Amino acid sequence: MNINDRLDFSHEPVITVDDIISRVQAYHTDVDVELLKSAFEFANYAHRNQKRSSGEPYIIHPLNVCATLIKLKMDVETIAAGFLHDVVEDCDISPHEIESKFGTSVATIVVGLTKISKIEFRSTEESQAENFRKMVVAMAKDLRVIIVKLADRMHNMRTLQYVSTSKQQKVAQETLDIYVPLASRLGIHSVKSELEDLCLRYLHPDVYYRMAENVAMKRSERDHYISDTIQVIREKLEEYTVKADVTGRPKNFYSIYRKMHNRGVEFDEVQDLLAFRILVSNITECYKTLGVIHSYFTPIPGRFKDYVAIPKQNNYQSLHTTVIGPKAERIEIQIRTHEMHEVAEKGIAAHWKYKERGSGIVDPQAFTWVKDLLEFNQSVKNSSEFMDAVKDDLDMGGVFVFTPNGDVKELRQGATPLDFAYAVHTEVGHRCVGAKVNGKIVSLKFRMKSGDTIDILTSKNQAPSKDWLKIVKTGRAKTKIRQYLAKIERDRSRDMGEQQLDRALNGYGTNSKALDKRGEFKKALEAFNAKHLEELFVHIGSNRCHAKDVLPYIPSLKIVAEAKEKAPDYSATIEKAAKKSATKDNAVIVDGLDDVVVRMGKCCSPIPGDDILGFITKGRGITIHSVSCSRMQEIEQGRRIDVTWNSFYAFKHPVSIRVVTNDRPGILALVSKHINNAGINIRSAMAKSLPDQRGGLLFEIEVKDYSELLKVVSSIKSIEDVLVVERANQLSTVALT
Ligand code: MN
């Protein structure tokens, strides 16, 4: 183990194409050497006049990129693309030329990389979402694009000391925002942790160099400690005949930094700086090893994680535990099989099949995530919605904040005090009016940072509103707010429904409570599919049914209605209605009254020739229904009034007819023609296929009266393939559409 590995991010300045070829051959015996050589020669020539910021010949960059790809054991096409990755972008070589010389796969990867290099990355949260989206689209063609991009970024980060300070900042921030989460999500841990440390070096140089110094100062002491501990672990495992590879190392700087930052502690206070790794041959041995470790070293409660039984989303598998080590220092121990280790270090790259050329196909399982993401990309409306959904996926790390009592809560990035309030307790969330962050009052929209201490302010009078859904970031808070709003809506509907029903019952001198006590709602509940009276209120209040619809199902009311038959005196109502915007051009004549407002019932749309009745509506005049209309039965006797058709009425009446035909082309046009030929206006027409090769047509036409309707109906009936013609009322219209 060499602690210095961590400090030495220098690239390989003297690497040659022969080094590359022999390293590839070490894991890939029958490698296509010609392809690698010609790709190198091509790139070497194309970049011949270019230099890196370091002053070195440009070709040293593609060579180093290939070195990283080799560590990930990538296939030969990917390595060829590594040589060529900058020639389209920097040397004006056409993709076509790459394709004809090196094949479609290599060209696809190079073109994908060129596209990514043109993405204008911006650092605000909103555009970060767009950045991710673009990256995902670039990955779409070939996932190897992103692996080469990561290797490219790794070398650029390794040589970042040669560019200006402002560029260092920009590139490092972009790396931390975009490439680290991607490497993490693709499970390429080796790349992820090196990129993180490099980012730390440029974004927080003070922290970084302090750590580096600290680690270096204690180096020999630490080296001893590590080798002693390894020895102890080995001996214990040997006692139990477990064959294992044991290694130890300081944790990567960025993970220590994150811990310091999250817990608000100093470097010296971070305890588990060392991590040990035990590789064994199978899963049973993993758990056996864990048992041995826990029996010799005291485990820290709550620090054991079983990613073997429950792998992470990026397929990472390992057992994690933190124990008190031999010198009473906390140490982290990871236990996994060799295969799991391969996946842990190389992630998606470990799934590559590189046995033959052209088979750069990744394990479909490992690919699922990217595929899902791409499909998702197509289904969401905008990039922030996309981001919202993949945020958890991308393992962007949460914020750790404290309650006033010192309890830690982990929430996702961008979380607000409202999210925190809901994380504490649902009621605290509902009543939250604001918060004190580190003693200062902030708004609900404040975005918390790790280490903040949050004191939630509540008020009895506070309640969640729809706007809150836009403020909160966590799924938990969103769900709780939605549930609350749904309940409020339900309560409101229930109250309104109760009022409406009681108003309807008022005319019968009773109310819902009294009727409920006598069990009078039994039939109504059944009819309207309600479990209890409250649910029936909700139905009424949310307009799923009307209070009046319920009345016929209340047994005792019928008796009351009949008893009231002779009682009505609605003349006052009628007179009032008459004064309201009366028209002389009424289609019907109401017994003895001229200027009364009448409307045709939409449910039955009566036309002259139909037997009709008027129904007195308070304040709205009179509604005309056909005697056969099912609504008529609900109308209490007392409100009915005799009416007759006005033969002087000059306007036509709308009526709907339904035509069932054998389904054949042109039938709609043919029926329409018959209607038009009868001199009848069509207001609307609709056609629909019905089962058994039949077609349904629905016309709304305008007729003078019933006899005109009959004429047109018989004309339609004469058409071949017409099976049924019927007058449609509102109910069958619904059934048809
Ligand atoms: Mn490059």
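From a predicted model like this one, the values you see are computed outputs, not experimental measurements.
Here the side chains of Y240 and T289 are not in contact, with every heavy-atom distance at 4.5 Å or above. For the pair Y202/Q161, a side-chain contact is recorded, criterion being any heavy-atom separation below 4.5 Å from C-beta on. Within the 4.5 Å cutoff, the side chain of Y287 has heavy atoms near those of the D306 side chain.
Within the model, atoms CD1 of I233 and CD of Q231 stand 10.5 Å from one another, a figure rounded to the nearest 0.5 Å. Between the CG atom of L195 and the CD1 atom of I178 there is a distance of 12.5 Å, given to the nearest 0.5 Å. The CG atom of L198 sits 15.0 Å away from atom OH of Y179, with the distance rounded to the nearest 0.5 Å. Taking OG1 from T16 and CG from D19, the interatomic distance works out to 3.5 Å, rounded to the nearest 0.5 Å. Separation of atoms CD1 (I109) and CZ (R144) is listed at 4.0 Å; rounding is to 0.5 Å. Rounding to the nearest 0.5 angstrom, the gap separating the CD1 atom in I188 from the CD1 atom in I146 is 9.0 Å.
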Stepwise, does the side chain to side chain donor-acceptor pair (under 3.5 Å) test hold for R201 with Y209? CA-CA 7 Å; R201 172 170 165 184; Y209 285 108; 3.3 Å; yes

Passes side chain to side chain donor-acceptor pair (under 3.5 Å), Y208 versus D197? Steps please. CA-CA 8 Å; Y208 176 83; D197 278 1; over 6 Å; no

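Legend: residues meeting side-chain contact (heavy atoms from CB on, under 4.5 Å) with T68, ordered by chain and number and at least two apart, are A151, M154, R158. Partners of R482 under the salt bridge (charged side-chain N to carboxylate O under 4.0 Å, His left out) rule, at least two apart in sequence or in another chain, do not exist in this structure. In this structure T229 satisfies the side-chain hydrogen bond (donor to acceptor under 3.5 Å, both in side chains) test with no other residue, sequence neighbours excluded. Remark: V207 engages H204, R210, M211, Y257 in a side-chain contact (heavy atoms from CB on, under 4.5 Å) (not counting sequence neighbours). Judged as a side-chain contact (heavy atoms from CB on, under 4.5 Å), and not counting sequence neighbours, the contacts of V424 are K409, F420, V428. Remark: D245 pairs with no residue by the side-chain hydrogen bond (donor to acceptor under 3.5 Å, both in side chains) rule, at least two apart or across chains. Applying the salt bridge (charged side-chain N to carboxylate O under 4.0 Å, His left out) rule to E345 yields no partners; only residues at least two apart in sequence or on another chain are considered. For H294, the side-chain hydrogen bond (donor to acceptor under 3.5 Å, both in side chains) criterion is met by T321, not counting sequence neighbours. Shown here are the side-chain hydrogen bond (donor to acceptor under 3.5 Å, both in side chains) partners of T426, two or more places apart in sequence or in another chain: there are none. When the side-chain contact (heavy atoms from CB on, under 4.5 Å) test is applied to E239, the partners found at least two apart in sequence or on another chain are K236, Y296. D152 pairs by the salt bridge (charged side-chain N to carboxylate O under 4.0 Å, His left out) definition with K149, not counting sequence neighbours. Remark: R23 engages E12 in a salt bridge (charged side-chain N to carboxylate O under 4.0 Å, His left out) (not counting sequence neighbours).
Using a cutoff of 4.0 Å between basic side-chain nitrogens and carboxylate oxygens, K192 and E196 are scored as salt-bridged. A salt bridge links E174 with R153: at least one charged nitrogen is closer than 4.0 Å to a carboxylate oxygen.
Formation of a donor-acceptor pair under 3.5 Å by the D419 side chain with backbone atoms of V472 is not found in this model. In terms of modelled atom types and a separation under 3.5 Å, the side chain of D228 and the main chain of Y225 share no donor-acceptor contact.
Aromatic pair H320/F304: centroids not less than 6.0 angstrom apart. Here the two rings, on H61 and H85, have centers that are under 6.0 Å apart.
No more than 12 heavy atoms of other residues, nucleotides or ligands sit less than 6.0 Å from atom NZ of K37.
The nearest pair of heavy atoms linking L84 to A39 is CD2-O, 3.6 Å.
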